[in-house]
Amino acid sequence: MKKILIILSFILVLSSCTSEKEQNAAATAAAMAGAEDYTITHAKDGEHKELVVTLKNLTTNDPNEKMASSSVLTIFGMITKEDYKDYDRIKIEIERDTSTFREAYDISKLEMAVPILKNLLEIFRKDAKNNYPLKPDMVDFSIMKDSVLQQFNEYLIHLDDDYGKLSNVAVVSFSFKEMKESGDNALIAHVLAKNGLMLTNYTFFISLKSKKIFYIGINDEE
């Protein structure tokens, strides 16, 4: 008997059975993204085993790349190694009208990036001596000018003095970029900080190899 193989998709769904933590994480990501509905499943895409979260009918017009990266940060922050031991990627799908955006994030890169992003937020919080803790050993001066560090710290002080103390700071999106000249991979983080009614957007380029910052942008145009 001849077997007829019908290929419906490159993605083979392995199981719809997800843990309670995964379900809660997906629900939280959907709520934060303003999605009217969502689905979550385990799937296989080629050689990769994935947790796939699909966000449907978003009520925000923020770029898909931004929504996907912020959603994966939320999800990864709410699950444990026990949850993701059986897959190597988290895929975020965003369905808008008739189009679908997809972005897959390697667990190995998320494990490197998330601690860096958490440490990054600490540079906005003053230390016990009332100083901002961004220090020279956190910066790659072979790429970034010495003056940028001083300018950044002075800008934070200016915001405190003119608009009030920092009330909130968060990573709103991130991405990875291969630096062809150095052969290094960079983590690009977009951070939103609030002082009083003043909102400031920061962009950081951080080496995944050295964990050092080599670019700081303030209110860069995306």
Side-chain angles (χ1 to χ4, degrees), residues 5-117 170-180 184-192 201 203-206 208 222:
L5 177 63
I6 302 176
I7 302 178
L8 297 177
S9 171
F10 288 107
I11 300 176
L12 174 65
V13 177
L14 298 178
S15 172
S16 61
C17 181
T18 53
S19 71
E20 183 176 354
K21 285 183 180 179
E22 289 171 334
Q23 293 171 26
N24 289 338
T28 301
M32 293 178 67
E36 295 179 354
D37 195 12
Y38 72 93
T39 61
I40 176 172
T41 188
H42 291 159
K44 186 175 182 182
D45 187 353
E47 297 180 352
H48 295 285
K49 294 180 180 179
E50 300 175 330
L51 176 70
V52 182
V53 176
T54 304
L55 307 176
K56 303 180 179 182
N57 303 322
L58 274 64
T59 56
T60 175
N61 292 320
D62 285 344
N64 289 329
E65 293 83 355
K66 177 180 177 181
M67 299 308 301
S69 66
S70 62
S71 295
V72 81
L73 276 182
T74 298
I75 292 166
F76 191 73
M78 294 180 65
I79 60 178
T80 64
K81 284 189 176 183
E82 183 62 26
D83 294 301
Y84 61 75
K85 63 180 176 62
D86 293 326
Y87 47 89
D88 63 300
R89 296 200 310 193
I90 298 176
K91 179 180 287 182
I92 305 295
E93 298 182 338
I94 297 176
E95 293 185 359
R96 298 181 189 265
D97 298 323
T98 58
S99 65
T100 301
F101 171 87
R102 296 180 176 88
E103 186 72 36
Y105 300 86
D106 291 342
I107 293 292
S108 59
K109 282 191 174 182
L110 289 173
E111 287 180 320
M112 286 191 292
V114 169
I116 295 174
L117 294 174
V171 176
V172 294
S173 66
F174 75 97
S175 60
F176 299 103
K177 182 177 182 179
E178 183 180 354
M179 310 304 291
K180 293 182 179 179
D184 192 6
N185 284 310
L187 172 63
I188 304 174
H190 298 282
V191 175
L192 180 63
N201 291 287
T203 303
F204 297 89
F205 282 46
I206 308 162
L208 285 179
E222 295 187 13

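- With contacts defined as side-chain heavy-atom distances shorter than 4.5 Å, the pair M179/N185 does not qualify.
- At a threshold of 4.0 Å, the pair K49-D86 does not count as salt-bridged, since none of the basic side-chain nitrogens sits closer than that to a carboxylate oxygen.
- Aromatic rings of F174 and Y105 (six-membered ring for Trp) have centroids within the 6.0 Å cut-off, being under it.
- Applying the ring pair (Phe, Tyr, Trp, His ring centres under 6.0 Å) definition to pairs two or more places apart or across chains, those involving residues 65-85 are F76-Y84.
- A distance of 9.5 Å separates OG1 in T54 from CD1 in I40, rounded to the nearest 0.5 Å.
- At most 12 heavy atoms of other shown residues, nucleotides or ligands fall within 6.0 angstrom of atom CE in M32.
- Taking CG of N57 as the reference point, atom CD1 of I94 lies at 12.0 Å (rounded to 0.5 Å).
- Between E50 and I90 the shortest side-chain heavy-atom distance does not fall below 4.5 Å.
- Considering only heavy atoms from C-beta on, R89 comes within 4.5 Å of D45 through its side chain.
- Scanning both residues, I79 and A25, for their nearest heavy atoms gives CG2-CB, 4.2 Å.
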key: Trace of the side-chain contact (heavy atoms from CB on, under 4.5 Å) decision for L192 with H190   = CA-CA 7 Å; L192 180 63; H190 298 282; over 6 Å; no

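- If you take NZ on K21 and CD1 on I75, they are separated by 15.0 Å, rounding to the nearest 0.5 Å.
- Judged by the 6.0 Å and 45° rule, K109 forms a cation-pi pair with F176.
- With sequence neighbours excluded, the residues satisfying side-chain contact (heavy atoms from CB on, under 4.5 Å) with A33 are L55, L58, M67, S71.
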inquiry  = Would K56 and T39 count as a side-chain contact (heavy atoms from CB on, under 4.5 Å) here? Give the steps.
reply    = CA-CA 8 Å; K56 303 180 179 182; T39 61; 3.5 Å; yes

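- Interatomic distance, OG of S175 versus CD of E103, reported as 9.0 Å (0.5 Å rounding).
- In this structure, the separation between CG on L187 and CZ on F204 is 11.0 Å, given to the nearest 0.5 Å.
- With S99 contributing its side chain and E95 its backbone, the two residues share no donor-acceptor pair below 3.5 Å.
- Between K91 and V53, every side-chain heavy-atom pair lies at or beyond the 4.5 Å cut-off.
- Residues E65 and F101 have side chains in contact (heavy-atom distance under 4.5 Å, counting atoms from C-beta outward).
- Contact of the V172 side chain with the D62 side chain is not registered, since no non-hydrogen atoms from C-beta on lie closer than 4.5 Å.
- From D184, atom CG reaches atom NZ of K177 across 12.5 Å, with rounding to the nearest 0.5 Å.
- Looking only at side-chain heavy atoms (C-beta outward), L51 and D83 stay at 4.5 Å or farther from each other.
- Side-chain atoms of V52 and H42, non-hydrogen and from C-beta on, never get closer than 4.5 Å to each other.
- Side chains of E93 and T100: no donor on one and acceptor on the other come within 3.5 Å.
- Shown here are the side-chain contact (heavy atoms from CB on, under 4.5 Å) partners of V171, two or more places apart in sequence or in another chain: L73, L117, L121, V191.
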